Amino acid sequence: MRFILLLKASLETESGGSASRALVTAMDRYNDELVRAGVLLDAAGLHPTSRGARIDFSQGKRTVTTGPFSAPDTLIAGFWMIQVKTHEEALEWARRCPHLPGSADAQIELRQVLEPTELEELAREPVAQEARPRAAGSRS
């Protein structure tokens, strides 16, 4: 099972400032642990949104908006992509992410990655639902 650990942005990460030496060292150790365990597929930090853009798709039109974007807690500062056997194992790796005393508050969002076979199942699902007879007493 693949999971992505999304590190939410903060005012600090959005300011573009560099992380403390202690945090960089702790993150390097954490990443090394993930590698030694054979679970790390990819990881990266992201530049602040002031260097990014959003492309909105609506009614056949594409609109580009350049950053920075507001509400840092809804933005992503970095990620880890891991492959583990269970959701509990992924959760345990997320819990182990470094957070040094005195650091700004942080949040990681853990999400399981949809595998290609699951996408195929989802694509077939609406057709299967339409073909099912309606339950007695259900409304259209």
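Remember, predicted model here, so these are calculated numbers, not experimental data.
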Glu92 bridged to Arg95 by N-O distance under 4.0 Å: yes
Is the backbone of Phe69 close enough, under 3.5 Å, to the side chain of Thr49 for a donor and an acceptor to pair up by distance? yes
Please round to the nearest 0.5 Å and tell me the distance separating atom CZ of Phe79 and atom CG of Leu46. 6.5 Å
Is there side-chain contact between Tyr30 and Trp80, with heavy atoms separated by less than 4.5 Å? yes
Between the side chains of Thr117 and Glu115, does any donor sit under 3.5 Å from an acceptor? no
Is it the case that one hydrophobic cluster holds both Leu40 and Met81, taking links as side-chain heavy atoms less than 4.5 Å apart, direct or via other members? no
Working to the nearest 0.5 Å, report the span between CD1 of Ile4 and CD of Glu109. 9.5 Å
What about Leu75 and Ile108, same hydrophobic cluster or not, with Ile/Leu/Val/Met/Phe/Trp/Tyr joined at side-chain heavy-atom distances under 4.5 Å? no
Student check: side-chain heavy atoms of Lys8 and Pro72 closer than 4.5 Å: no
Just jot down the side-chain contact (heavy atoms from CB on, under 4.5 Å) partners of Ser50, sequence neighbours excluded, or say none. Pro48, Pro68
Is Asp105 atom CG crowded by more than 12 heavy atoms from other residues, nucleotides or ligands, each under 6.0 Å away? no
Joint cluster assignment, Val24 & Leu5, ILVMFWY side-chain distance < 4.5 Å: no
If you round to the nearest 0.5 Å, how far is CD of Gln83 from CG of Leu41? 5.0 Å
Between CZ on residue Arg36 and CG on residue Asn31, distance to nearest 0.5 Å: 10.5 Å
Count I, L, V, M, F, W, Y as connected when their side-chain heavy atoms are under 4.5 Å apart, and connections chain through other members. Are Leu110 and Leu7 then in the same cluster? yes
Please enumerate all residues that pass salt bridge (Lys or Arg N to Asp or Glu O under 4.0 Å) together with Arg54, with sequence neighbours excluded. none
Considering only heavy atoms from C-beta outward, does the side chain of Phe3 approach that of His87 to under 4.5 Å? yes
Measuring from Met1:CE to Lys85:NZ, what's the distance to the nearest 0.5 Å? 12.5 Å
Atom CG of Leu114 and atom CZ of Arg2: how far apart are they, to the nearest 0.5 Å? 9.5 Å
